[in-house]
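What follows is a set of notes on a single structure, which appears directly below.
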Amino acid sequence: MLSVHTSPLDPPGTGDAGGLNVYVVETARRLAARGTEVEIFTRATDGSLPETVRMGPGVLVHHVPAGPYEGLGKDDLPGQLCAFTAGVMRTAAGRPEQWYDVVHSHYWLSGQVGWLAADRWNVPLVHTMHTMARVKNAQLAEGDSAEPPGREIGETQVVEAASVLVANTPEEATQLIELYDADPQKVRVVPPGVDLEVFSPGDQRAARHAVGLAPDALVVLFVGRIQPLKAPDVTIRAVAELVRRDPTLRERLVVGVLGGPSGSGLARPESLQELTAELGLEDMVRFVPPVSRAALADWYRAADLVTVPSYNESFGLVAVESLASGTPVVAADVGGLPVAVGDGGVLVDGHDPLHWADEIGALLADGQRRAALAEAGLAHAASLGWDSTVDRLDEVYRQARAQRAPSGVNGYGPLLGQPVPSLVLP
């Protein structure tokens with residue numbers, strides 16, 4: 001697997017670490033548990049890290065030197081793709097011929113490297129976009145920066161070069177076909193998943209004690225990277241409107257904001273705190289840096305509802321994690337969020353804080369409705385475990401290999417019904 005711009009070892013919630021990191025980690029571990037050897041290549045960002053780290057049984061993470069360890073943003077990385085590719089090739093040179101069977105690249109930068117690697121090793125390239133420039137540019141948040149034309153060109157090249165394109169939702173599959181002229185025969189829909197062991201319902205009172213919240217509080221939670229794309233300001237502004245309408249809410253309402261600055265949010269990393277102070281909500285909003293997955297599950301259980309106001313999401317792992325933890329969601333009606341939310345929450349058209357205040361306020365005031373949504377959400381999340389995702393990915397890999405070369409040609413043996421020996425994920 002290839003993940004050039006962010007390491008699977010980085011905790012999600014800050015910098016460039018997010019749902020992609022979770023996706024790579026969860027699928028790699030489960031593929032390895034089924035007998036597939038997985039090697040993940042990522043850019044080295046810390047000189048103290050070993051060249052290779054064993055993330056778990058059957059999973060290796062290679063840290064490839066490509067540019068300085070610090071000071072490079074995602075927009076600087078296209079200039080390091082040659083160095084990164086050379087590092088991948090040097091590592092692969094120590095492997096026997098035909099060691100790798102599939103390259104699965106994540107995000108367009110990795111797709112550029114995967115394109116060359118797959119061609120060199122004569123194996124299929126499976127690519128997952130996760131986000132697309134043309135989709136993001138059509139749904140920009142106010143003050144956010146448009147993705148450059150170079151990214152659009154690079155994405156188009158990867159779409160053409162890939163053997164298979166894995167889309168998170170049917171809508172993303174349509175976007176690949178309509179916006180990038182992808183061959184429909186190459187597109188497969190494989191929804192991401194949720195760790196149903198970590199994210200599960202539990203006692204709300206105990207969860208609130210664990211995260212330091214009053215048992216009788218009304219709790220609204222935002223989880224994600226702090227950047228305009230994720231629109232945490234919409235949640236803050238909506239809460240300010242609720243308090244304006246009913247000042248007594250100030251006594252009970254708590255807003256949790258879990259995450260760190262990322263992307264264009266790094267230009268003004270304190271902007272959300274400044275907005276909170278401007279709106280007079282400092283006593284109601286708790287800013288929490290990224291936490292462990294177990295602690296995150298407690299936060300989900302402690303909340304009465306979770307907001308996902310993003311301007312675009314290819315899927316929306318936060319929404320599914322919340323539902324799996326027994327907490328309903330109020331989410332923007334964009335991208336893959338309708339699929340992620342299902343019947344477990346409320347979808348809001350647009351990002352007007354007044355409309356968001358209407359939906360959040362109505363749900364906070366109706367415990368029976370929240371309970372009904374929570375029950376439906378649990379059933380929905382149960383169908384989206386990571387094992388189901390890996391079932392589908394495994395089939396995608398086998399079909400891609402079968403289409404790449406007939407049995408017995410170029411070193412390929414019988415394909416179906418056999419464990420895939422090795423998988424590279426940039």
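Computed from a predicted model, the values in this text were never measured in an experiment.
Considering all non-hydrogen atoms of both residues, Leu72 and Ala66 come closest at CD1-O, 4.3 Å. Across all their heavy atoms, Val59 and Ala28 have their closest contact at CG2-O, 3.6 Å. What you find for Arg392 and Pro191 is that their closest heavy atoms are NH1-CD, 3.1 Å. Heavy atoms only, all atoms of each residue included: Ala340 and Leu323 are closest at O-CD1, 3.6 Å. The shortest non-hydrogen separation linking Trp108 to Val158 is O-CG2, 3.9 Å. Closest approach of Ala319 and Leu337 over heavy atoms only: CB-CD2, 4.3 Å.
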Before giving the answer on side-chain contact (heavy atoms from CB on, under 4.5 Å), spell out for Ile236 and Val257 the whole-Å C-alpha distance, their side-chain angles and the decisive distance to 0.1 Å.
CA-CA 9 Å; Ile236 300 297; Val257 178; 4.2 Å; yes

What verdict does the ring pair (Phe, Tyr, Trp, His ring centres under 6.0 Å) test give for Tyr397 and His104, after you've listed the backbone C-alpha separation in whole Å, the side-chain angles of each residue and the deciding distance to 0.1 Å?
CA-CA 9 Å; Tyr397 298 151; His104 189 168; 5.7 Å; yes

As a quick check of understanding, evaluate ring pair (Phe, Tyr, Trp, His ring centres under 6.0 Å) for His130 and Tyr107, giving each step before the final call.
CA-CA 6 Å; His130 293 281; Tyr107 192 64; 8.0 Å; no

May I have the step-by-step check of side chain to side chain donor-acceptor pair (under 3.5 Å) for Thr235 and Thr307, ending in yes or no?
CA-CA 7 Å; Thr235 299; Thr307 64; 2.8 Å; yes

Passes side-chain contact (heavy atoms from CB on, under 4.5 Å), Asp195 versus Glu26? Steps please.
CA-CA 8 Å; Asp195 189 332; Glu26 298 291 351; 3.9 Å; yes

For side-chain contact (heavy atoms from CB on, under 4.5 Å), just list the numbers for Arg293 and Val22, CA-CA rounded to whole Å, side-chain angles, deciding distance to a tenth of an Å, and then say yes or no.
CA-CA 10 Å; Arg293 306 297 279 167; Val22 176; 3.7 Å; yes

Run the side chain to side chain donor-acceptor pair (under 3.5 Å) test on Ser105 and His127 for me, step by step, so that the C-alpha distance in whole Å, both residues' side-chain angles and the decisive distance to 0.1 Å come before the verdict.
CA-CA 5 Å; Ser105 53; His127 182 73; 2.7 Å; yes

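Ion pairing between a basic and an acidic side chain is recognised when a charged N comes within 4.0 Å of a carboxylate O; Asp203 and Arg208 show no such pairing. For Arg134 and Glu155, the salt-bridge test fails: no basic side-chain N is under 4.0 Å from an acidic carboxylate O. Contact check on Arg370 versus Asp304 returns a salt bridge, with a Lys/Arg side-chain nitrogen under 4.0 Å from an Asp/Glu carboxylate oxygen.
Here Thr42 contributes atom OG1 and His106 contributes atom NE2; the two are 11.5 Å apart, rounded to the nearest 0.5 Å. Distance check, rounded to the nearest 0.5 Å: CG of Leu305 to CD of Glu359 gives 11.0 Å. Considering CD of Gln175 and CG of Asn168, their distance stands at 10.5 Å, rounded to 0.5 Å.
Each of Lys136, Arg225, Lys230 was scored for a salt bridge (charged side-chain N to carboxylate O under 4.0 Å, His left out) with Glu313, with one residue passing: Lys230.
Residues His5 and Leu20 have side chains in contact (heavy-atom distance under 4.5 Å, counting atoms from C-beta outward).
Using bins of under 30°, 30° to 60° and over 60° for the plane-to-plane angle, the ring pair His351/Trp356 lands in the parallel bin.
By the 6.0 Å contact criterion, CG on Asp46 is enclosed, its count of non-hydrogen atoms from other residues, nucleotides or ligands being greater than 12.
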